[in-house]
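Accompanying notes for the structure given below.
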Amino acid sequence: QVQLVESGGGLVQAEGSLRLSCVASGRTSSISTMGWFRQAPGKEREIVAAIKWTGDYTYYADAVRGRFKISRDNSKNTVYLQMNSLKSEDTAVYFCAADDRFITPITSAVQYKYWGQGTQVTVSS
């Protein structure tokens, strides 16, 4: 049993930066994969970035590669998403997800067992 809570969303100007946090609690020792997904109005949930809990593998969607960085702090049971050079198309609800398996394909939202409540990110045009 793992619980995830996201924070750090808000309204930012285009080209600005924002850092999202996801704090895991419960049986955190079981976590193998953590990811960030986002869902914009009228669109399906899509992968943003993912990381192995060991920290030796990361994945980025093409739309965010080079602008976003995923990282984790095991001592705080927290995964971060640093978002730079934000664009209006980054506007969405951002969700943190986790699983006790190494998810394959890592982009598959339906395979992640644990999900946070989501945090809204709005980028002004």
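Taking Pro41 as the reference, nothing meets the side-chain contact (heavy atoms from CB on, under 4.5 Å) condition, with sequence neighbours excluded. With sequence neighbours left out, Val12 forms a side-chain contact (heavy atoms from CB on, under 4.5 Å) with Leu18, Leu86, Val123. Residues forming a side-chain contact (heavy atoms from CB on, under 4.5 Å) with Ala40 (at least two apart in sequence, or on another chain): Lys43, Ala92. For Ser25, the side chain to side chain donor-acceptor pair (under 3.5 Å) partners at least two apart in sequence or on another chain are Gln3. Scored by the salt bridge (Lys or Arg N to Asp or Glu O under 4.0 Å) test, Lys69 finds no partners at all (sequence neighbours excluded). Partners of Asp62 under the side-chain contact (heavy atoms from CB on, under 4.5 Å) rule, at least two apart in sequence or in another chain, are Arg65.
For residues 29-125, the set of pairs meeting the disulfide bond (SG atoms under 2.5 Å apart) definition, not counting sequence neighbours, comprises Cys22-Cys96. For residues 38-74, there are no disulfide bond (SG atoms under 2.5 Å apart) pairs, not counting sequence neighbours. Applying the side-chain hydrogen bond (donor to acceptor under 3.5 Å, both in side chains) rule to pairs touching residues 91-102 yields Arg38-Tyr94, Asp99-Arg101, Asp100-Lys113, sequence neighbours excluded. The ring pair (Phe, Tyr, Trp, His ring centres under 6.0 Å) contacts involving residues 14-40 comprise Phe37-Tyr112, Phe37-Trp115, where partners must be two or more places apart or lie in separate chains.
Scanning both residues, Ser108 and Ile103, for their nearest heavy atoms gives O-CG2, 4.2 Å. Here the closest non-hydrogen pair linking Ile47 and Ile106 is CD1-O, 3.9 Å. Ser85 approaches Asp90 most closely through the heavy-atom pair O-OD2, 4.5 Å. For the residue pair Met34 and Ile31, the shortest heavy atom distance occurs at CG-CG2, 3.5 Å. The minimum heavy-atom distance linking Val79 with Ser71 is given by the pair CG2-O, 3.0 Å. Ser17 approaches Asn84 most closely through the heavy-atom pair OG-OD1, 2.9 Å.
Note on Leu4: it does not cluster hydrophobically with Phe95, by side-chain heavy-atom contacts below 4.5 Å among ILVMFWY residues.
Residues Lys87 and Ser125 fail the side-chain proximity criterion, which asks for heavy atoms closer than 4.5 Å. When side chains are defined from C-beta on, Leu20 does not count as touching Glu6, because their heavy atoms never get closer than 4.5 Å. Two residues are said to be in side-chain contact when any heavy atoms from C-beta on lie closer than 4.5 Å; Gln82 and Phe68 fail this criterion.
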Could you list the donor-acceptor pairs under 3.5 angstrom formed between side-chain atoms of residues 53-61 and any protein atom two or more places apart in sequence or on another chain?
residue, atom, partner, partner atom, Å
Thr54, OG1, Asp56, OD1, 2.7
Tyr60, OH, Ile70, N, 2.8

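The main-chain N or O of Lys76 is found under 3.5 Å from a side-chain atom of Thr78 such that the two form a donor-acceptor pair.
For the atom pair Ser21 OG and Asp73 CG, the distance stands at 10.0 Å (nearest 0.5 Å). Note: Ser32 OG to Ile51 CD1 = 11.5 Å, rounded to the nearest 0.5 Å.
Members clustered with Tyr80: none, using a 4.5 Å side-chain heavy-atom cutoff among hydrophobic residues.
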